[in-house]
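Because the structure is a prediction, the values reported are computed rather than measured.
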Amino acid sequence: MKLPTHSLRARLIGLLLLAIVLAAGLQATVVYRQARAEADGIFDYHMEQMAQALRAGMVPPGLPPPPGEEPPLPAEAFDFFVQVWTQDGLRVFQSGTSAALPQRAVLGFSNIEVDGKPYRVYSMQSRTQVVQVAQDMRPRQTMARALAWRTVLPIAWMAPLLMLVAWAVVSASLAPVARVRRQVAAREADELAEVGEEGLPDEIRPLVHELNLLFGRVRQAFDAQKNFVAEAAHELRSPLAALRLQVQGLQRARDDATRQLAVERLLAGIDRATRLVEQLLTLARQQAQPSAGEPPQPVALAALAAQVVAEAAPAAALKHIDLGLGDGDAAQAQGHAEPLRILLTNLVDNALKYTPEGGTVDVSVRRETGRLVLAVEDSGPGIAEADRARVLDRFYRVPGSTATGSGLGLAIASAIAQLHGTALELDRSSRLGGLRVVLRLPAL
């Protein structure tokens with residue numbers, strides 16, 4: 001019987017069934033042979049007892065046995081007693097004299113008690129006589145118990161053997177699982193290397209494979225968090241150092257005008273540091289959003305775009321920038337409203353920051369082949385094609401850029417786009433000549 005080598009369930013069932021079949025076959029063979037031998041012994045014993053009884057009964061009381069024959073055994077040596085009566089009630093045959101059996105009995109089988117001893121009696125009536133055979137139940141029960149014990153004995157021997165076989169089979173089959181358990185238990189908290197999948201059964205390998213994928217995702221999350229903390233610490237060092245210098249300048253101020261200038265610079269530095277911290281917290285929150293488990297909801301992108309444009313209008317007016325919103329499609333997209341609002345706010349803020357005074361920034365929402373396309377384009381300098389992939393990284397700023405910033409706006413927008421299962425598209429605006437950023441979401 002060839003057993004599968006990679007299926008834990010098939011291996012366990014196959015080997016256990018094989019062990020049970022072999023044990024049952026061996027048990028059946030042993031019990032069958034013992035039962036045959038016991039049955040033969042019982043039949044032989046019955047025949048011998050009947051022969052002895054009939055031979056003893058044929059000798060009239062008080063006469064010696066015929067020459068050359070052994071004397072009859074005493075009646076107490078017999079387990080069977082036979083009596084024969086004529087129709088007139090005359091007893092013509094008796095196998096023994098010590099058993100005071102009734103002369104008349106119920107035809108067929110019956111149980112009686114004579115002198116405190118139980119007997120099993122069988123009575124048969126013919127045309128001329130009644131034959132009664134009785135057996136003492138005590139030796140009969142003793143023989144039955146002995147036969148039963150001998151029948152159960154092989155089972156008692158086979159049960160521990162079967163349990164040992166089952167234990168060995170299950171232990172050998174689950175050894176790879178125990179190996180994986182030991183590997184995982186021996187790991188440190190920060191050890192996220194993959195668990196070996198070789199030699200595992202088919203039912204366990206997918207579980208370990210998914211565990212390795214989970215380790216990989218956790219490792220990437222740890223690495224990203226570590227890099228984020230390192231980069232955030234590096235980026236915060238400069239604003240904090242600038243604030244310290246501005247405070248020192250305020251302390252050295254000798255007149256009111258110098259002191260007022262130092263205070264304005266200090267407040268501007270505090271605002272920049274506050275903005276940087278807010279963006280860092282926003283980025284961390286958006287990167288952790290996929291693990292929050294919040295289900296997406298229908299979002300009206302056109303209404304969301306109108307809200308963001310209205311909030312950014314005062315900042316656009318200060319730079320005399322024409323901030324407009326095209327006719328929006330009323331369809332809804334599946335997503336997260338607040339992260340999408342943050343994404344659009346960052347895109348509009350970036351466009352206003354890098355667009356010179358008197359320029360144009362347009363926001364539009366339209367439907368294209370079952371998708372809603374959210375686009376923000378400006379008349380600014382744009383981004384070179386070589387830098388478009390880099391500007392989505394944290395803290396990266398285009399070389400030579402004169403606008404102030406921390407390099408987190410597009411990184412936050414990219415993280416929110418990834419939360420929605422898509423990516424930002426950056427290219428040149430054919431209408432305004434600057435940067436065009438596009439987000440595509442499935443329409444409902």
**Student:** Is the backbone N or O of R254 less than 3.5 Å from a side-chain atom of T258, with the two atoms forming a donor-acceptor pair by type?
**Tutor:**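 It does not hold such a pair.
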**Student:** Can you give me the closest heavy-atom contact between Q334 and P298, atom names plus distance?
**Tutor:**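 Shortest heavy-atom contact: OE1-N, 4.0 Å.
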**Student:** Supply the atom-to-atom distance L340 CG to Q297 CD, rounded to the nearest 0.5 angstrom.
**Tutor:** 12.0 Å
**Student:** Check P339 against H420 and note the closest heavy-atom contact, atom names and distance.
**Tutor:** CB-CE1, 4.4 Å
**Student:** Where do V373 and V365 land on the side-chain contact (heavy atoms from CB on, under 4.5 Å) test, with the steps shown first?
**Tutor:** CA-CA 6 Å; V373 180; V365 178; over 6 Å; no
**Student:** Do any N or O atoms from the side chain of K319 and from the backbone of G358 form a donor-acceptor pair under 3.5 angstrom?
**Tutor:** no
**Student:** What heavy-atom pair brings P356 and G380 nearest, and what distance separates the two atoms?
**Tutor:**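 Residues P356 and G380, closest heavy atoms: CD-CA, 3.9 Å.
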**Student:** I need the minimum non-hydrogen distance between S379 and G359, along with the two atoms involved.
**Tutor:** OG-CA, 3.4 Å
**Student:** Heavy atoms, side chains only, cut-off 4.5 Å: are E311 and R341 in contact?
**Tutor:**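 Result yes, sub-4.5 Å side-chain heavy-atom pair found.
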**Student:** With sequence neighbours excluded, what pairs up with V180 under the side chain to side chain contact (heavy atoms under 4.5 Å, CB included) test?
**Tutor:** V184, V195, L200, V208
**Student:** First locate atom NE2 of H336, then atom CD1 of I416, and finally report the distance between them rounded to the nearest 0.5 Å.
**Tutor:**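 H336 NE2 to I416 CD1: 10.5 Å, rounded to 0.5 Å.
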**Student:** In Å and rounded to the nearest 0.5 Å, what is the CG to CZ distance from L426 to R428?
**Tutor:**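 Atom-to-atom, L426:CG and R428:CZ are 14.0 Å apart.
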**Student:** What I'd like to find out is whether the side chain of K117 reaches to under 4.5 Å of the side chain of V114, using heavy atoms alone.
**Tutor:**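 With C-beta onward as the side chain, the pair stays apart.
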**Student:** At their closest point, which heavy atom of L352 faces which heavy atom of A315, and how far apart are they?
**Tutor:**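 L352 and A315 have their closest heavy atoms at CD1-CB, 4.4 Å.
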**Student:** Name all residues meeting the side chain to side chain contact (heavy atoms under 4.5 Å, CB included) criterion together with A413; count only those two or more places apart in sequence or in a different chain, and write none if there are none.
**Tutor:** L343, L347, L424
**Student:** Using 0.5 Å steps for rounding, measure from the CD1 atom of I383 to the CZ atom of R390.
**Tutor:** 12.0 Å
**Student:** Of T360, T355, V361, which is the lone residue that meets side chain to side chain contact (heavy atoms under 4.5 Å, CB included) with L323?
**Tutor:**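 Answer after filtering T360, T355, V361: V361.
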**Student:** Determine all donor-acceptor pairs shorter than 3.5 Å in which one atom belongs to a side chain in residues 429-444; sequence neighbours excluded.
**Tutor:**
{"from": "S429", "atom 1": "OG", "to": "E377", "atom 2": "OE1", "distance (Å)": "2.6"}
{"from": "S429", "atom 1": "OG", "to": "L432", "atom 2": "N", "distance (Å)": "3.1"}
{"from": "R431", "atom 1": "NH1", "to": "D362", "atom 2": "OD2", "distance (Å)": "2.9"}
{"from": "R431", "atom 1": "NH2", "to": "D362", "atom 2": "OD2", "distance (Å)": "2.6"}
{"from": "R431", "atom 1": "NH2", "to": "E377", "atom 2": "OE2", "distance (Å)": "3.4"}
{"from": "R440", "atom 1": "NE", "to": "E425", "atom 2": "OE1", "distance (Å)": "3.3"}
{"from": "R440", "atom 1": "NE", "to": "E425", "atom 2": "OE2", "distance (Å)": "3.0"}
{"from": "R440", "atom 1": "NH1", "to": "E368", "atom 2": "OE1", "distance (Å)": "3.1"}

**Student:** Are L374 and L344 close enough that some pair of their side-chain heavy atoms sits under 4.5 Å apart?
**Tutor:** yes
**Student:** What I'd like to find out is whether the side chain of V247 reaches to under 4.5 Å of the side chain of R244, using heavy atoms alone.
**Tutor:** no
